[in-house]
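What follows is a single structure, written as structure tokens, with notes after it.
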Amino acid sequence: GERDVTFNVIAAPAGEGVMLSLEDISHVQAAGEMRRDFVANVSHELRTPLTALIGFIETLQGPARKDLEAQARFLGIMEREAGRMSRLIEDLLSLSRVESQERVRPTQKVDIAGLVTSASMTLGPQAGDADVTLKVIGAEEPVEVLGDGDQLLQVFTNLMENGIKYGGGLVTVEIAQQDRDPMLRGPAVRIEVSDNGEGIDPLHIPRLTERFYRIDSHRSREMGGTGLGLAIVKHIVNRHRGRFRIDSQKGQGSRFTVVLPV
Ligand code: ADP
């Protein structure tokens with residue numbers, strides 16, 4: 001097939017010809033391309049709210065200077081746009097932190113049941129506002145793994161928050177211990193976050209953990225999403241040597257499963 005190749009001169013003894021080695025550098029170029037796409041995406045995501053902010057500042061200084069009602073409305077929008085920028089930066093920092101630690105095994109003793117319970121309490125008010133019932137099953141007994149507590153909390157928070165945002169009114173988190181997970185080849189804990197929302201077309205599923213991949217970007221932005229949540233989840237689960245899968249069918253809700261070695 002087509003390859004990008006560099007020629008390295010590895011030996012050229014005087015009068016004895018030249019020895020060359022061939023090296024496939026396609027992967028290096030692909031990595032460079034991904035980095036450029038990422039920078040372009042980040043710039044775009046930051047520029048959109050920033051443009052709105054600048055526009056409203058100009059309007060507040062000029063045409064709306066004396067209109068108290070308009071001022072209150074514009075300040076509300078500005079607060080939302082600034083919040084969006086701040087969330088994006090937080091998510092970018094989380095992502096880069098996890099990436100830089102991907103090869104470092106986390107070593108804290110963490111109780112998964114406690115983390116799921118505290119994520120559901122933190123999200124309680126948000127679920128209430130959206131008329132969503134959050135149900136946790138199997139969190140009565142502690143389930144200990146070696147992990148990074150902050151990062152695992154973020155995994156469950158992101159998945160439950162998505163269930164609230166894109167689901168259909170009921171989000172269930174079920175924790176179950178397994179004597180042996182066939183893929184991880186050992187004892188494991190399985191955490192399933194399911195919702196009864198509109199579900200996901202199978203076409204999109206393999207790409208959902210890519211950074212900034214959204215099925216409906218307008219909807220995601222409306223919901224305050226950054227498009228990085230599932231990318232962060234995948235990296236954190238990888239760092240814990242666990243596995244992550246998404247099962248969904250259009251019209252039948254979605255299930256996000258995290259399996260962690262115990
Ligand atoms: P976002 O910040 O956009 O929510 P995520 O990485 O968390 O970013 O999710 C990526 C996309 O996956 C979302 O924009 C949405 O289209 C889709 N998605 C995530 N969770 C669900 C869900 N529970 N039901 C349906 N679609 C979902």
Side-chain angles (χ1 to χ4, degrees), residues 34 37-38 40-49 80-99 116 119-120 122-123 126-127 129-137 151-174 190-239 242-258:
M34 270 172 68
D37 282 355
F38 180 62
N41 277 327
V42 171
S43 309
H44 174 76
E45 297 287 335
L46 282 171
R47 194 172 54 193
T48 309
R80 213 179 59 211
E81 296 297 324
R84 184 203 303 284
M85 290 180 80
S86 152
R87 270 195 306 281
L88 179 60
I89 289 164
E90 286 308 315
D91 277 357
L92 286 168
L93 286 174
S94 297
L95 199 57
S96 95
R97 214 174 300 130
V98 192
E99 272 186 334
V116 168
S120 81
T122 309
L123 290 171
Q126 193 177 330
D129 287 346
D131 251 333
V132 173
T133 306
L134 266 179
K135 205 162 118 190
V136 177
I137 302 170
Q151 291 185 348
L152 290 174
L153 182 65
Q154 189 169 16
V155 165
F156 306 132
T157 309
N158 285 1
L159 295 177
M160 289 159 83
E161 202 173 3
N162 279 349
I164 296 171
K165 291 189 314 197
Y166 306 109
L170 176 65
V171 177
T172 311
V173 189
E174 188 166 357
R190 197 179 68 233
I191 305 98
E192 284 180 0
V193 182
S194 320
D195 65 62
N196 61 341
E198 67 203 45
I200 302 165
D201 190 322
L203 198 85
H204 294 291
I205 291 180
R207 301 199 58 190
L208 287 186
T209 54
E210 287 175 20
R211 296 151 186 207
F212 298 118
Y213 189 87
R214 296 143 155 150
I215 297 167
D216 177 345
S217 48
H218 178 72
R219 171 128 188 252
S220 158
R221 290 207 180 84
E222 280 288 289
M223 295 290 184
T226 60
L228 294 175
L230 292 179
I232 293 172
V233 166
K234 191 187 98 183
H235 275 94
I236 295 176
V237 173
N238 282 350
R239 183 184 172 213
R243 59 192 181 88
F244 177 55
R245 65 175 284 160
I246 305 172
D247 296 281
S248 185
Q249 218 128 80
K250 204 81 187 113
Q252 310 206 348
S254 313
R255 186 173 66 222
F256 297 78
T257 308
V258 174

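Counting starts at 1 for both ligands and their atoms, in listed order.
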Atom 3 (O) of ligand 1: nearest protein contact (heavy atom, Å): Ser220 OG, 2.6 Å
Side chain, backbone, both or neither: the part of Asp195 lying under 4.0 Å from ligand 1 by heavy atom: side chain
From Asn158, Asn162, Val193 - option closest to atom 19 (C) of ligand 1 by heavy atom: Asn162
Salt-bridge present (Arg214, Glu45; N to O < 4.0 Å): yes
Atom 10 (C) of ligand 1 [closest protein heavy-atom partner, distance rounded to 0.1 Å]: Tyr213 O, 3.4 Å
Nearest-neighbour protein heavy atom for atom 16 (O) of ligand 1, which is reported as residue plus atom name and distance: Ile215 N, 3.2 Å
Check ion pair Asp247-Arg255 (N to O, under 4.0 angstrom): yes
Ligand 1 contact by Lys165, heavy-atom criterion under 4.0 angstrom: yes
Any Gly167 heavy atom less than 4.0 Å from ligand 1: no
contact_flag Gly227 ligand 1 heavy-atom lt 4.0 Å: yes
Minimum-distance protein heavy atom relative to atom 18 (N) of ligand 1: Tyr166 CD1, 3.9 Å
Proximity to ligand 1 by part of Leu230, non-hydrogen separation under 4.0 Å: both
N-O pairing of Glu81 and Arg84 below 4.0 Å: yes
